[in-house]
Every structure is written in C-alpha cells, then in structure tokens.
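Letters go in sequence order (proteins before strands), and every chain restarts at 1.
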Number of protein chains: 2
Amino acid sequence: MSTPHYHHLQQYFSDLITSQQLVSGSKLPSEREIGEQFKFTRVTIRQALKNLEAEGLIYRQNRRGWFVSPAAVIYHPASHLSFNLYVTEQGFSPSTEKLAQQIEPANERIAQLMNIPVGNPVLYLHRRRYIDQRPVLIEKMYINQNLLPGIEEEDLTESLSQILKRKYQQEYRDMDLSFKSTSLPAHAANDLGIAAGQPGLQIERINYTSAKQVLEVDYEFWRHDAVTINIAIRD
Amino acid sequence: MSTPHYHHLQQYFSDLITSQQLVSGSKLPSEREIGEQFKFTRVTIRQALKNLEAEGLIYRQNRRGWFVSPAAVIYHPASHLSFNLYVTEQGFSPSTEKLAQQIEPANERIAQLMNIPVGNPVLYLHRRRYIDQRPVLIEKMYINQNLLPGIEEEDLTESLSQILKRKYQQEYRDMDLSFKSTSLPAHAANDLGIAAGQPGLQIERINYTSAKQVLEVDYEFWRHDAVTINIAIRD
DNA sequence: TAGTGGTCTAGACCACGAA
DNA sequence: TCGTGGTCTAGACCACTAG
C-alpha cells in the first residue's frame with residue numbers, strides 16, 4: 001500500500017477544483033455516487049473528502065452534501081475596517097444576522113477587563129455573519145454599556161464601528177488579539193450548521209477606547225477555510 | 001441516536017485530561033484496548049480520538065500511540081522575542097535542528113520581495129523546532145544574503161535574531177504576518193512525523209530591516225495544538 | 001516478533017433536508 | 001417520501017515502531 005486509495009481521490013478532486021472544472025460553491029457528487037464510480041467504500045471516500053475539507057478546498061453543510069469552498073477572505077484587523085467593508089472590497093457579499101441580544105451580568109473575565117464589579121450589567125450580542133450566503137462566522141460580544149449609553153436601542157445587525165462613529169464619535173483604536181486554531185465548540189458549530197468537531201479558528205479581541213478603557217470584548221468562531229489573517233507590525 | 005457513542009468517549013477522556021488524571025505527555029491506552037473496555041469498534045474509538053485531536057487535547061505520533069498534548073505556547077510576534085526565549089520564559093524547553101541549508105536561486109515571490117533578479121542566490125534554511133522534545137514547528141526560510149554577507153558560516157541552529165544582533169548589529173523591526181488555519185502540506189507533516197492531512201497553522205512572515213529592506217522571508221508550519229498567537233495593536 | 005496505528009471492505013440503520 | 005450525510009458493526013491486512 002504505497003499510496004493509499006484516498007490519496008488518489010483527493011488528488012482527483014483537488015485537480016478538478018484548482019483547474020476550475022469544479023467552481024466555488026458547486027456541489028460534489030454524493031458519497032455513494034463517488035463510491036460507485038471509483039469502486040471504493042464510503043469509508044475511503046469520506047477519508048478523502050475530510051482531507052480536502054482540512055485543506056480548505058471543500059466543505060459540507062449539514063446533510064445537504066459537499067461543496068467547493070469559496071476563496072478565503074483576508075481579514076486585516078489592524079486596518080480597523082468593518083466586516084461589511086473588507087468583505088465587500090474583496091468582491092464578496094456580506095450579511096449579518098442577530099441571533100440574540102440581552103443585558104447580562106458580567107462574568108469574572110469581562111468584569112476584570114472592563115474594570116467593573118462582577119455581575120454588573122453588560123450588553124451581550126450574538127451574531128452570525130455570512131459571506132455570499134454562506135455562514136462563516138459566529139460572534140459573541142460583550143459591550144461596555146457604561147461607555148455607550150443607549151446602544152441597545154440601535155440596529156445591532158449594523159456595523160458596530162459605524163454606530164460608534166455616528167452616535168458616540170468613537171473609533172476603534174487599540175486592540176488585543178488572540179488566535180487559536182482548534183475545533184469549533186458545539187454551540188458555534190451548531191450555529192454554523194456544521195457537524196461538531198470541525199476545525200476552526202477562534203479569536204478573542206479586546207477593543208479599547210483612546211482612553212484605554214475596554215469598549216468591547218469579542219469572541220469570534222470562524223470556519224477555518226473562510227479566512228486568512230494579515231497583520232503588519234510597525235514599531 | 002440522540003448523542004452518538006463517540007461523544008461519550010470524548011467526554012470521558014476530555015474529563016480525564018482536564019482533571020489532570022491524565023497528564024501532559026502521557027500515553028492513552030491503545031485503540032483496541034479502549035474498544036474492549038467500552039465495547040465499541042475501532043471506527044467509533046477513532047472518531048472520538050480524532051475529535052479530541054482537533055480540540056488540541058491529544059495528538060498522535062506515527063504508529064506509537066496517542067498522547068496527551070502539552071499546553072500551547074503563546075507566540076507574541078510583535079515582541080520580537082526569539083523562539084528560544086519565549087518558549088523558555090513560559091517554562092518549556094526549546095530545541096532546534098537544522099534539516100537543510102543551501103544557496104538557492106530566488107523564485108519569483110522571493111525575488112520580488114527582496115528586490116533582486118529572479119534566480120539570484122538566496123540562503124535557504126530548513127529547520128525543525130521542538131518544545132519539550134516534541135517536534136512542533138517546521139520552518140523554511142529564505143535569507144537575503146546581500147544584507148548579511150557571510151551568514152552561511154554561522155551556526156544556523158542558533159537563534160537568528162541573536163546572530164543578527166551579534167554579527168550585523170541588526171534587529172528585527174517591521175514585519176508582515178499572514179496566518180491561515182489549514183492542513184499541513186505533506187512535506188511538513190512528514191518532517192513532523194505525523195500523518196498527512198492533520199490540521200495545522202501556516203504562517204508567512206516577512207522581516208524588514210529598519211531601512212525597509214526584506215531581510216528574510218519565513219514560512220512556518222505549526223502543529224495546530226502547539227501554539228496560540230497574541231498580538232497587541234497600538235496605533 | 002508483537003503491538004500499534006493506518007487503511008479498507010461490505011454492509012446497516014438513523015436523522016435531517018428538500019421536494 | 002427519498003436522498004443525503006452521520007454513525008456504527010465486525011471484521012481484515014498493511015506498515016511501522018519498539019523491544
């Protein structure tokens with residue numbers, strides 16, 4: 001068994017995709033159909049498909065089938081561009097859906113960061129963001145409402161940075177970022193409509209005001225194939 | 001089938017690890033042993049183990065077995081600390097192995113970045129880096145030898161930033177970073193002694209001199225469970 | 001040489017999505 | 001209702017590692 005069977009399959013689909021014979025968003029044949037064509041069992045087929053998924057070439061949506069992944073969007077946190085803006089600039093079509101919004105007591109980490117007592121109210125916002133109709137990102141944010149009174153009355157599917165600018169004359173400035181490549185937690189995988197345990201990218205982002213106060217703490221859960229992160233460090 | 005069997009297994013080992021009954025580096029029972037104990041087939045066992053691997057809790061090395069992953073090291077690129085330094089500071093033990101070193105003609109991308117003709121010689125350096133004896137990172141670097149004459153005579157398992165400082169009175173300054181969560185390419189997986197197709201983190205790093213010349217272009221391939229990246233953005 | 005994970009077969013039933 | 005992927009059984013042989 002010099003090269004395993006799934007490797008040939010992988011190569012076959014990989015070639016179809018890179019040569020654009022299978023284009024972004026198109027559906028692959030079903031696992032059983034592929035099995036008939038190549039005379040392999042589903043176990044072998046699935047091994048190949050999962051490897052292609054790990055490479056970021058294809059993805060699956062629930063029980064609907066396997067699809068060719070669109071190109072990854074480039075996220076450039078230091079540019080302070082909003083999701084809507086940078087996705088649009090790169091030729092994709094963004095959208096945002098609000099899944100939950102509520103006032104919550106701050107947990108220990110949030111309280112410490114925002115320098116408020118544990119249990120004090122913060123605004124919790126839970127959103128799902130799409131690129132070209134594909135859900136790619138779950139966002140859970142904790143917003144310091146002391147600094148942004150009345151923000152809960154705004155349309156929170158909008159870009160937060162725009163609301164900040166318009167209503168509060170504030171802008172994103174300093175931030176602390178933390179990235180980890182790991183599988184998506186069950187809640188995020190669920191919200192994205194994918195099986196638990198898929199690889200993903202987790203980001204914690206802490207946004208500060210110009211006065212170094214914590215404006216907002218953001219947890220992002222990305223499909224791993226949907227994003228590349230670019231950062232320029234200039235001392 | 002409300003909750004699948006592998007989920008219980010996953011939970012079982014996850015609990016053992018977080019409660020430290022299984023500590024970092026220790027070996028799990030073999031797949032067949034686990035199967036006997038829980039009366040599942042290997043397919044189910046492996047599903048659970050692969051999910052735990054995706055979470056970063058365990059890893060496998062060749063055909064030796066499954067092991068509990070050590071804590072991830074925190075990589076803080078903007079700090080300009082060397083690998084040896086930040087790994088040591090976090091209580092781990094780093095080491096470096098040189099896999100290859102040679103003068104190579106620059107490819108298009110490298111030539112363009114370094115502002116030299118395609119085909120001009122650059123120094124190629126290929127290293128494997130370990131944390132606590134575990135290979136975690138493959139590094140492929142292209143070094144601008146015009147800016148660093150004689151660098152090929154140095155001991156290139158050493159920290160490059162130290163060589164820069166000592167021999168050339170240079171320091172790392174500006175850099176461009178690009179991160180992508182994707183599976184490790186075959187060559188990198190091979191060098192790390194793991195099966196191809198494992199999730200990983202790929203980094204491209206371009207290091208500039210204070211005069212904005214490209215000193216070095218670096219491709220890093222990390223085990224996904226070995227690292228967390230932290231960056232502070234200060235305008 | 002014995003034991004490990006890596007690959008693979010040939011089935012089966014289930015849960016969800018689309019029509 | 002039918003087709004899809006999701007889960008699972010009960011085996012088998014191979015390739016590599018360790019002793």
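Ring geometry for B:Phe83 against B:Trp222 counts as tilted: the plane angle lies between 30° and 60°, on a 0 to 90° scale. Below 30°, between 30° and 60°, or above 60°: for B:Tyr124 and B:His126 the angle between ring planes is between 30° and 60°, a tilted geometry.
Here the rule is ring-ring contact (aromatic ring centres under 6.0 Å, His included) with B:Phe40, and of B:His5, B:His7, B:His8 only B:His5 fits it.
In this structure, A:Thr88 contributes its side chain and A:Asn84 its backbone to a donor-acceptor pair below 3.5 Å. A side-chain donor-acceptor contact under 3.5 Å links A:Gln101 to the backbone of A:Glu152.
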**Request:** Take B:Arg60 and B:Glu31 through the test salt bridge (Lys or Arg N to Asp or Glu O under 4.0 Å) and record every step on the way to the result.
**Result:** CA-CA 12 Å; B:Arg60 46 186 150 166; B:Glu31 295 175 1; over 6 Å; no
**Asked** Going through the checks in order, is the side-chain hydrogen bond (donor to acceptor under 3.5 Å, both in side chains) test met by A:Gln198 and A:Tyr59?
**Response** CA-CA 10 Å; A:Gln198 304 296 18; A:Tyr59 70 101; over 6 Å; no
**Asked** Between A:Asn51 and A:Glu55, is a side-chain hydrogen bond (donor to acceptor under 3.5 Å, both in side chains) present by the stated rule, with each step listed?
**Response** CA-CA 6 Å; A:Asn51 283 1; A:Glu55 282 180 46; over 6 Å; no
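Rounded to the nearest 0.5 Å, atoms CD (A:Gln145) and CG (A:Leu123) are 6.0 Å apart. Expressed to the nearest 0.5 Å, how far CG of B:Leu177 lies from CD1 of B:Ile229 amounts to 8.0 Å.
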**Request:** Map every base of DNA chain D to its dot-bracket character, where paired means a Watson-Crick or G-U wobble contact with both distances under 3.5 Å and | marks a partner outside the strand.
**Result:** ||||||||||||||||||.
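The 5' end of DNA chain D is approached more closely, in terms of each residue's nearest nucleotide, by A:Pro29 than by the other of B:Lys39 and A:Pro29. Residue-to-nucleotide proximity on DNA chain C shows that, of B:Gln198 and A:Thr44, the 5′-proximal contact is made by B:Gln198. For the pair A:Thr41 and B:Glu31, nearest-nucleotide mapping onto DNA chain C gives the more 5' position to B:Glu31.
For A:Val43, the listed nucleotide lying nearest its side chain is C:dC8; candidates were D:dT4, C:dC8, D:dT7.
On a pure distance criterion of 3.5 Å, no polar donor-acceptor pair joins the side chain of B:Arg32 and the base of C:dG3. Judged by atom type and distance alone, A:Arg42 reaches the base of D:dG6 through a side-chain donor-acceptor pair under 3.5 Å.
B:Leu9 places its CG atom 9 Å from the P atom of D:dC8, with the value rounded to the nearest Å. When the P atom of D:dG6 is taken as reference, atom NE2 of B:His7 falls 17 Å away, rounded to whole Å. Distance A:Arg46 CZ to D:dC8 P: 12 Å, rounded to the nearest Å. Residue B:His5 contributes atom NE2, which lies 13 Å from atom P of C:dC14 at whole-angstrom precision. For the pair B:Trp66 CH2 and C:dG3 C1', the computed distance is 17 Å after rounding to whole Å. We find that NE2 of B:His8 is positioned 12 Å from C1' of D:dT7, with the value rounded to whole Å. Atom P of nucleotide C:dT4 and atom CZ of B:Phe67 are separated by 12 Å, given to the nearest angstrom. Following rounding to the nearest Å, B:Ile45 (CD1) and D:dT7 (P) show an atom-to-atom distance of 15 Å.
Side chains of A:Thr157 and A:Arg127 form no contact here, defined as non-hydrogen atoms less than 4.5 Å apart.
The shortest heavy-atom contact between B:Ser26 and B:Leu22 is OG-CD2, 3.7 Å.
At the heavy-atom level, B:Arg60 lies under 4.0 Å from the strands shown only through sugar-phosphate atoms.
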Name the pairs: protein N/O against N/O of nucleotides 17-19 of chain D, kept only if under 3.5 Å.
residue : atom : partner : partner atom : Å
D:dT17  : OP1  : B:Asn62 : ND2          : 3.1
D:dA18  : OP1  : B:Arg64 : NE           : 3.4

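Note on A:Ser30: a side-chain N or O is less than 4.0 Å away from OP1 or OP2 of D:dT4. Phosphate proximity of C:dT7 to A:Tyr6: present, with a side-chain N or O under 4.0 Å from OP1 or OP2.
DNA chain D lies under 4.0 Å from at least one heavy atom of each of the following residues of residues 47-57 of chain B: B:Gln47.
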